[in-house]
Amino acid sequence: IGYIDVEYSSFQGHDKSSFWINNTVRFKHDYCQFDTTPILQDVYISPTGNDSNDGLTPATPFKTISHALKLIGSGTTINLAPGVYSSQTNGEILPLHLLNNVTLSGAGMGESIIDGNNTHRLLTTGYNFATLVRDLTCRNGYHDVGGGAARVQKGKQVVFDSVEFLLNETMGDGGAIQSKDTNLYIFHCVFQDNTAANGGAMAIQGAVTWVYNCLLTANSAEWGGAVY
């Protein structure tokens, strides 16, 4: 298969482990500098915070979720204060690439809002990852190919609990969620006014999806107004 040679490189915010460098056998990382140990405790984010803070308490929150994702390790919960997280409000970098065994937890639907400004997809997950997203709103996400709000592929276990998907759009599959070969669990969620070519709310391919106690309303698509 070959390898990627990153010798003598500097990785700020990363340690040498399989968590940060997937499949280290295929990476030559001798003589590299890894200058930060990942944060292994819960972190806090607020649109009025500062990425220079330590992020370890509600009184010292980071400003962006994307900054926290560079620093945390497996088993961490990212706690979002009420407010809007977007490129325009707090300089958020979207999409957010969620990490394995990490929870993204808001203050409630309509309280903690990730907004794509009709320009960006909001969330993605990695292969064989277990991820939990709960108690927030994902709105105005957009992607031309699929998954206006979120795209999950080959996930081990991806859970959306009490998440509102509002006004997300794609020209492809899954206005809110596009799922491929992922064990997907969707509990107590709201899908409203999402639009796609196929599957206005969600498009599901392969593996198993559980949908429980959710509301799907006013979603639209050429095929499968709600689900494809």
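If you're wondering where the values come from, they're calculated on a predicted model, not measured in any experiment.
- Nearest heavy atom pair, residue A196 against residue G199, reads CB-O, 3.4 Å.
- Under the rule for a side-chain contact (heavy atoms from CB on, under 4.5 Å), the partners of P58 that lie at least two apart in sequence or sit in another chain are Y44.
- Side-chain contact check for L122 versus P95: every heavy-atom pair is 4.5 Å or farther apart.
- S74 and N101 share a donor-acceptor pair across their side chains, judged by distance under 3.5 Å alone.
- Of the N and O atoms on the side chains of T195 and E169, not one donor lies less than 3.5 Å from an acceptor on the other residue.
- The shortest side-chain heavy-atom distance between L96 and I114 falls under the 4.5 Å cut-off.
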Verify side-chain hydrogen bond (donor to acceptor under 3.5 Å, both in side chains) between E92 and S86, making sure each step is shown before the conclusion. CA-CA 5 Å; E92 199 63 74; S86 74; over 6 Å; no
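- When all heavy atoms of T125 and Q153 are compared, the pair lying nearest together is OG1-N, 4.0 Å.
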Given side-chain hydrogen bond (donor to acceptor under 3.5 Å, both in side chains), test R134 with S162 step by step and report yes or no. CA-CA 5 Å; R134 67 188 182 198; S162 302; over 6 Å; no
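- Atom OG1 of residue T103 and atom CD1 of residue I78 lie 9.0 Å apart, to the nearest 0.5 angstrom.
- Between R151 and T124, the side chains place no donor N or O within less than 3.5 Å of an acceptor N or O (distance only, hydrogens not considered).
- The CG atom of L166 lies 5.0 Å from the CD atom of E164; values are rounded to the nearest 0.5 Å.
- F191 is linked by a ring-ring contact (aromatic ring centres under 6.0 Å, His included) to F165, counting only residues two or more places apart in sequence or in another chain.
- Considering only heavy atoms from C-beta on, V152 comes within 4.5 Å of S179 through its side chain.
- Relative orientation of the H67 and F62 rings is perpendicular, given thresholds of 30° and 60° on the angle between their planes.
- In summary, of the residues considered (N213, D135, V163), a side-chain contact (heavy atoms from CB on, under 4.5 Å) with H188 occurs for N213 alone.
- Cluster annotation: I45 is connected to I39 through the hydrophobic network of ILVMFWY side chains, with a link wherever side-chain heavy atoms come within less than 4.5 Å.
- For S112 (side chain) and L80 (main-chain N/O), a donor-acceptor pair under 3.5 Å exists by modelled atom type.
- The backbone N or O of D115 lies less than 3.5 Å from no partner atom in the side chain of N140, so there is not a single donor-acceptor pair.
- When every heavy atom of A221 is checked against every heavy atom of A197, the shortest pair comes out as CB-O, 3.7 Å.
- A donor-acceptor distance shorter than 3.5 angstrom exists from the side chain of T137 to the backbone of G110, with no hydrogens or angles considered.
- A distance-only check finds no donor-acceptor pair linking the side chain of Q157 to the backbone of L184 [under 3.5 Å].
- The main-chain N or O of D173 is never found under 3.5 Å from a side-chain atom of N198 such that the two would form a donor-acceptor pair.
- Annotation: side chain of P47 is not in contact with side chain of T89 (no heavy-atom distance under 4.5 Å).
- Rounding to the nearest 0.5 angstrom, the gap separating the CG atom in L216 from the SG atom in C189 is 9.0 Å.
- Using a 4.5 Å heavy-atom cutoff, the side chains of L123 and L104 are in contact.
- One N or O on the side chain of D54 and one on the backbone of L56 form a donor-acceptor pair closer than 3.5 Å.
- For Y228 and W223, the ring centers are positioned 6.0 Å apart or more.
- Between D144 and T170, the closest side-chain pair of non-hydrogen atoms is not below 4.5 Å.
- Taking the side chain as every heavy atom from C-beta outward, L98 and V133 approach each other to under 4.5 Å.
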Using the rule given for side chain to side chain contact (heavy atoms under 4.5 Å, CB included), can you reason through M109 versus V190, listing the C-alpha separation, both sets of side-chain angles and the distance that settles it, and then say yes or no? CA-CA 9 Å; M109 287 191 238; V190 175; 4.1 Å; yes
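- With 3.5 Å as the limit, one finds a donor-acceptor pair spanning the side chains of S46 and T48.
- Only one option out of D51, N50, N90 pairs with T64 in a side-chain hydrogen bond (donor to acceptor under 3.5 Å, both in side chains); it is D51.
- Note on L167: it does not cluster hydrophobically with I113, by side-chain heavy-atom contacts below 4.5 Å among ILVMFWY residues.
- Looking at every heavy atom in both residues, Q41 comes nearest to T76 through O-CG2, 3.1 Å.
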Run the side chain to side chain contact (heavy atoms under 4.5 Å, CB included) check on T119 and Y142 step by step: do they pass? CA-CA 5 Å; T119 304; Y142 176 82; 5.9 Å; no
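- No more than 12 heavy-atom neighbours from other residues, nucleotides or ligands sit within 6.0 angstrom of CD1 on I93.
- L99 is listed as a side-chain neighbour of L69, based on a closest heavy-atom distance under 4.5 Å.
- Residue E222 places its CD atom among 12 or fewer non-hydrogen atoms of other residues, nucleotides or ligands, all under 6.0 Å distant.
- Here the CG atom belonging to N168 is positioned 5.0 Å from the CG atom belonging to N194, to the nearest 0.5 angstrom.
- Both I177 and L94 are part of a single hydrophobic cluster, where members link through side-chain heavy atoms under 4.5 Å apart.
- The heavy-atom pair separating M202 from V211 by the smallest distance is SD-CG2, 4.4 Å.
- Sorted by first and then second residue, the ring pair (Phe, Tyr, Trp, His ring centres under 6.0 Å) pairs involving residues 90-127 (not counting sequence neighbours) form an empty list.
- Not one N or O on the side chain of Y85 forms a donor-acceptor pair closer than 3.5 Å with the backbone of G91.
- In this structure, CD in Q178 is found 9.0 Å from CD1 in I204, a value given to the nearest 0.5 Å.
- Hydrophobic clustering places V208 together with L132 (ILVMFWY residues linked when any side-chain heavy atoms are closer than 4.5 Å, directly or through intermediates).
- Between the CG atom in D42 and the CD1 atom in I72 there is a gap of 9.5 Å [rounded to 0.5 Å].
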